2 protein chains.
Amino acid sequence: MNDKENYMAIAKTEEFTKTDTWLADIAKALSHPARIRILKILTEMNVCMCGDIVELLPLSQSTVSQHLKELKRVGLIKGEIEGPKVCYCVNDETLQKAKKELDKLFSLVCSC
Amino acid sequence: MNDKENYMAIAKTEEFTKTDTWLADIAKALSHPARIRILKILTEMNVCMCGDIVELLPLSQSTVSQHLKELKRVGLIKGEIEGPKVCYCVNDETLQKAKKELDKLFSLVCSC
DNA sequence: TTAATTTATCGTATATTTACGATGAACGAT
DNA sequence: ATCGTTCATCGTAAATATACGATAAATTAA
């Protein structure tokens with residue numbers, strides 16, 4: 001009888017499958033419109049720098065930097081250092097994997 | 001010059017497109033492994049009641065109820081009252097719309 | 001009517017998220 | 001060597017998310 005049961009707000013992610021946890025994490029990264037917008041900006045517009053993205057969003061530089069960090073955390077984007085600048089781009093590998101897992105989920109739970 | 005600029009932690013979701021905001025909200029609902037698991041349970045297992053789901057998850061009844069509420073909020077599931085019970089089921093319509101929008105996003109941002 | 005069942009909600013605690021300005025670190029240019 | 005540019009990080013504040021037990025509400029069964 002230890003105290004491990006006595007806690008709050010700690011997600012019991014260990015209790016779920018790796019895939020479900022991973023997919024939930026990807027979904028979390030996509031759970032803010034700014035981050036969805038950033039993914040689109042990185043592919044549609046011909047920009048990659050944080051500063052360029054800041055100009056296209058109604059958010060401060062530090063906030064955009066945080067969103068980029070979150071997208072990078074789950075591997076949806078990559079950042080390549082170019083002197084004082086950083087060139088961000090989408091990570092096709094992770095995006096493909098995410099698409100695959102989402103397709104798997106939707107084919108299970110809906111008539112898609 | 002009003003004070004509207006002086007705030008914290010308020011997502012400027014008005015500044016984004018309706019679609020991006022909606023998709024981000026769907027992603028938010030999918031951003032916890034328990035909720036992904038619940039969607040699967042509602043389709044794979046032959047159960048629909050909150051109590052049944054509770055038995056299949058390492059979470060308390062009140063917590064599961066909250067997760068169901070979140071899924072219901074964005075319309076990914078529906079709840080039909082059957083006496084003191086509630087029979088939950090996935091909402092195919094919303095799921096299809098979500099799948100469509102996600103496909104659109106992925107076709108834009110990755111070679112999928 | 002009372003008891004049992006089922007679920008939502010309340011109250012509470014903690015962690016995380018979102019946002020900003022300020023600052024620091026890294027690099028290129030002068 | 002200094003200055004400007006770019007970005008990440010720090011510090012901070014408020015909102016939201018996650019979790020639980022306890023309780024209330026609703027309905028069925030006895």
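On a predicted model such as this, the values are computed, not experimentally measured, just so you know. Below, read A as the first sequence line, B as the second, and so on, with proteins coming before strands; counting in each chain starts at 1.
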Enquirer: Got a sec? Which of residues 63-71 of chain A come in under 4.0 Å of DNA chain C, heavy atoms?
Expert: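 Of all residues in residues 63-71 of chain A, the ones placing a heavy atom under 4.0 Å from DNA chain C are A/T63, A/Q66, A/H67.
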Enquirer: What is the distance, to the nearest angstrom, from the NZ atom on B/K85 to the P atom on C/dA4?
Expert: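 So the two atoms are 17 Å apart, to the nearest Å.
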Enquirer: Count the heavy atoms of every other residue, nucleotide or ligand shown that sit under 6.0 Å from CG of A/L56, and state whether that count exceeds 12.
Expert: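 Buried by this count: over 12 neighbours within 6.0 Å.
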Enquirer: Starting at atom CD of A/Q61, determine the distance to atom P of C/dG21, rounded to an integer number of angstrom.
Expert: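 About 11 Å, once rounded to whole Å.
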Enquirer: Taking all non-hydrogen atoms of both residues into account, name the closest pair between B/L102 and A/F106 and its distance.
Expert: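 Reported closest heavy-atom pair: CD1-CE1, 3.6 Å.
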Enquirer: Between B/K85 and B/E82, is there a salt bridge with N-O shorter than 4.0 Å?
Expert: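 No, no charged N to carboxylate O under 4.0 Å.
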Enquirer: Indicate for each nucleotide in nucleotides 25-30 of chain C, in 5' to 3' sequence, whether protein heavy atoms under 4.0 Å reach the base (B), only the sugar-phosphate (S), or nothing (-).
Expert: -BBS--
Enquirer: Please report the distance, rounded to the nearest Å, between CZ in A/F16 and P in D/dT18.
Expert: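 So the CZ-P distance, A/F16 to D/dT18, works out to 11 Å.
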Enquirer: Send over the distance from B/E15 CD to C/dA19 P, rounded to a whole Å.
Expert: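 Taking atom P of C/dA19 as the reference, CD of B/E15 is at 11 Å.
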Enquirer: Kindly say whether A/G75 contributes a backbone atom to a donor-acceptor pair with the side chain of A/T94 at under 3.5 angstrom?
Expert: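 Pair found, side chain donor or acceptor close to backbone of A/G75.
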Enquirer: Taking the minimum atom-to-atom distance to the side chain of B/S62, which one of C/dT7, D/dA22, C/dC20 wins?
Expert: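 For the B/S62 side chain, the nearest candidate turns out to be D/dA22.
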Enquirer: What integer distance in Å separates A/L30:CG from C/dT18:P?
Expert: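 So the two atoms are 12 Å apart, to the nearest Å.
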Enquirer: Take the protein atom NZ of B/K28 and the nucleotide atom C1' of C/dT16, then report the distance between them rounded to whole Å.
Expert: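 Computing the B/K28:NZ to C/dT16:C1' distance gives 13 Å.
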Enquirer: Under 3.5 Å, is there a donor on one side chain and an acceptor on the other for A/S62 and A/S65?
Expert: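 The criterion, which ignores hydrogens and geometry beyond distance, is not satisfied for A/S65 and A/S62.
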Enquirer: Rounded to whole Å, please give me the gap between CG in B/L57 and P in C/dT7.
Expert: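 Value for this atom pair: 13 Å.
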Enquirer: Counting only heavy atoms and a strict 4.0 angstrom limit, can you tell me which residues of residues 40-56 of chain B come near DNA chain C?
Expert: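 Residues of residues 40-56 of chain B that come under 4.0 Å of DNA chain C are, in numerical order, B/M49, B/C50, B/G51.
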Enquirer: Looking at A/C112 and A/C110, is the distance between their SG atoms under 2.5 Å?
Expert: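 Cystine link detected, SG atoms below the 2.5 Å cut.
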Enquirer: Could you check how far CD1 of A/I77 sits from P of D/dC7, rounded to whole Å?
Expert: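 Rounded to whole Å, this separation is 12 Å.
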Enquirer: Is a donor on one side and an acceptor on the other found under 3.5 Å between the side chain of B/T63 and the backbone of B/L59?
Expert: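 Judged by distance alone, no pair lies under 3.5 Å.
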Enquirer: Within the structure shown, what part of the strands sits under 4.0 Å from B/K72 by heavy-atom distance: base, sugar-phosphate, or nothing?
Expert: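 If one applies the 4.0 Å heavy-atom cut-off, B/K72 turns out to touch nothing in the nucleic acid.
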Enquirer: Is the side chain of B/R35 donor-acceptor paired with the backbone N or O of B/H67 at a distance under 3.5 Å, no angle test?
Expert: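 No, the answer is negative, given that no donor and acceptor are paired below the 3.5 Å cut-off.
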Enquirer: Looking only at side chains, do A/Q96 and B/S111 share a donor and an acceptor under 3.5 Å apart?
Expert: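 Yes, a side-chain donor-acceptor pair sits under 3.5 Å.
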Enquirer: Looking at every non-hydrogen atom in both residues, tell me the closest pair between B/Q61 and B/C50 and how far apart they are.
Expert: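 Taking B/Q61 first and B/C50 second, the nearest heavy atoms are NE2-SG, 4.1 Å.
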Enquirer: So which nucleotide from C/dT18, D/dT18, C/dT6 ends up closest to the side chain of A/H32?
Expert: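 Closest of the options to the side chain of A/H32: C/dT18.
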Enquirer: So, taking the atom named NZ in A/K40 and the one named CG in B/L105, what distance separates them when rounded to the nearest 0.5 Å?
Expert: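 With rounding to 0.5 Å, NZ (A/K40) is 6.0 Å from CG (B/L105).
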